[in-house]
Amino acid sequence: MTNSLLSMKNVTAFYGGSQALYGLSLQVHQGEVVALMGRNGAGKTTAIKTICRMIRHKEGEILFCGTDLDPLTSHRAARLGIGLVPEGRRCFATLSVEENLVAAARTGHWNLAQVYRLFPQLRDRKGKSARTLSGGEQQMLAIGRALMTNPRLLLLDEATEGLAPLVRKEIWSAVAELRKGRDLTILLVDKSPRELAKVADRCVVLERGRDAWTGTFEELTPEIALRHLGV
Ligand code: ATP
């Protein structure tokens, strides 16, 4: 296996006095697509938030490209190459689609033309303000914004949640397209094991704030799924 791009070791994290991560360890290697799975409240979003420094971990270590993320702000983590598509697909509501994309831009493969190639709907709506977009279009814009930062690691948190089946399909096709290049490493959270299995190389299953199981989707037997995911 290639080098580890992201390494979390024995990470704990709290919301005030309430503990959410209890010694989480996981590795994501360069070029991999890794699915983060687990029951509601298992700690998936918290894990994503600690990686992009929206919350700080208390114990353990998070290394990205060998750099310790502990002292870094979310802004610095983004500059290091961590791109987040947050749960709830936040964009600048009053800015146009194109302004949203340009505001995020950093030099690299991903530019307006590449984002519009991935999501032609965004090109059609480029002059419209983000708040007039449908939920699906807002999700595409959120992914587009993260790609415009030219990240090395893309974090996708519940990218298809609340979307209509056809739109979900479009988002999954875009993720499959991103996977093809293999120059982008992706860590994604979603509730659909069937869709995750199509795009991810491997999954890490969280249970009560720690890694309970990791392996390929072929190795994820019904017994393991039942034990750790309850499905
Ligand atoms: P879901 O699939 O429901 O989104 P999750 O696996 O992403 O769940 P987290 O959202 O990371 O889980 O939550 C982990 C734990 O932290 C849960 O016990 C949750 O109740 C708690 N938690 C999450 N956000 C907060 C918060 N802002 N304040 C206090 N506790 C929180």
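The basis for the numbers below is simple: all heavy atoms, side chains too, and nothing from hydrogens, waters or symmetry mates. Counting starts at 1 for both ligands and their atoms, in listed order.
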Phe92, CZ atom: more than 12 neighbouring heavy atoms under 6.0 Å = no
request  = Look up atom 19 (C) of ligand 1 and tell me if a protein heavy atom lies less than 4.0 Å from it?
outcome  = no
message = Between Lys49 and Asp157, does any NZ, NE, NH1 or NH2 come within less than 4.0 Å of an OD or OE carboxylate oxygen?
response = no
request  = Report yes if some N/O of Ala42 lies less than 3.5 Å from some N/O of ligand 1; otherwise report no.
outcome  = yes
ask   = Which is closest to atom 15 (C) of ligand 1 by heavy-atom distance: Ala13, Gly43, Gly41?
value = Gly41
task = Can you measure from NZ (Lys9) to CD (Glu59) and round to the nearest 0.5 angstrom?
result = 16.0 Å
inquiry  = Between Thr214 and Arg202, do the side chains contain a donor N or O and an acceptor N or O under 3.5 Å apart?
reply    = yes
message = Under 4.0 Å from a heavy atom of Arg39: which atoms of ligand 1 are those, numbered in the order shown and with their elements?
response = 6 (O)
message = Show the nearest heavy-atom pair for residues Cys91 and Arg145, with the distance to one decimal.
response = SG-CD, 4.2 Å
key: Min heavy-atom dist Lys49 to ligand 1 below 4.0 Å   = no
inquiry  = Out of all atoms in ligand 1, which are within 4.0 Å of some heavy atom of Ala20? Include the element for each.
reply    = 15 (C), 16 (O)
ask   = Can you tell me if NE2 on His75 sees more than 12 non-hydrogen neighbours from other groups inside 6.0 Å?
value = no
task = Calculate, to the nearest 0.5 Å, the distance between atoms CD and CZ belonging to Gln30 and Arg152 respectively.
result = 5.5 Å
query = Short list, please: which atoms of ligand 1 are under 4.0 Å from a heavy atom of Lys191?
reply = 2 (O)
ask   = Just which atoms of ligand 1 are under 4.0 Å from any heavy atom in Thr46?
value = 9 (P), 11 (O), 13 (O), 14 (C)
query = Starting from atom 31 (C) of ligand 1, which protein heavy atom do you reach first, and at what distance in Å?
reply = Tyr15 CD1, 3.3 Å
Over 12 non-hydrogen atoms of neighbours within 6.0 angstrom of CZ in Arg76 = no
query = Looking at atom 22 (N) of ligand 1, is any protein heavy atom nearer than 4.0 Å to it?
reply = yes
ask   = Hey, which atoms in ligand 1 end up nearer than 4.0 Å to a heavy atom of Lys44?
value = 1 (P), 2 (O), 5 (P), 6 (O), 7 (O), 8 (O), 11 (O), 12 (O)
ask   = Does an N or O from Thr45, backbone or side chain, lie closer than 3.5 Å to an N or O of ligand 1?
value = yes
query = Can Gly38 be said to touch ligand 1, with heavy atoms closer than 4.0 Å?
reply = no
inquiry  = For Arg39, is there any backbone N or O sitting under 3.5 Å from a side-chain donor or acceptor partner on Lys44?
reply    = yes
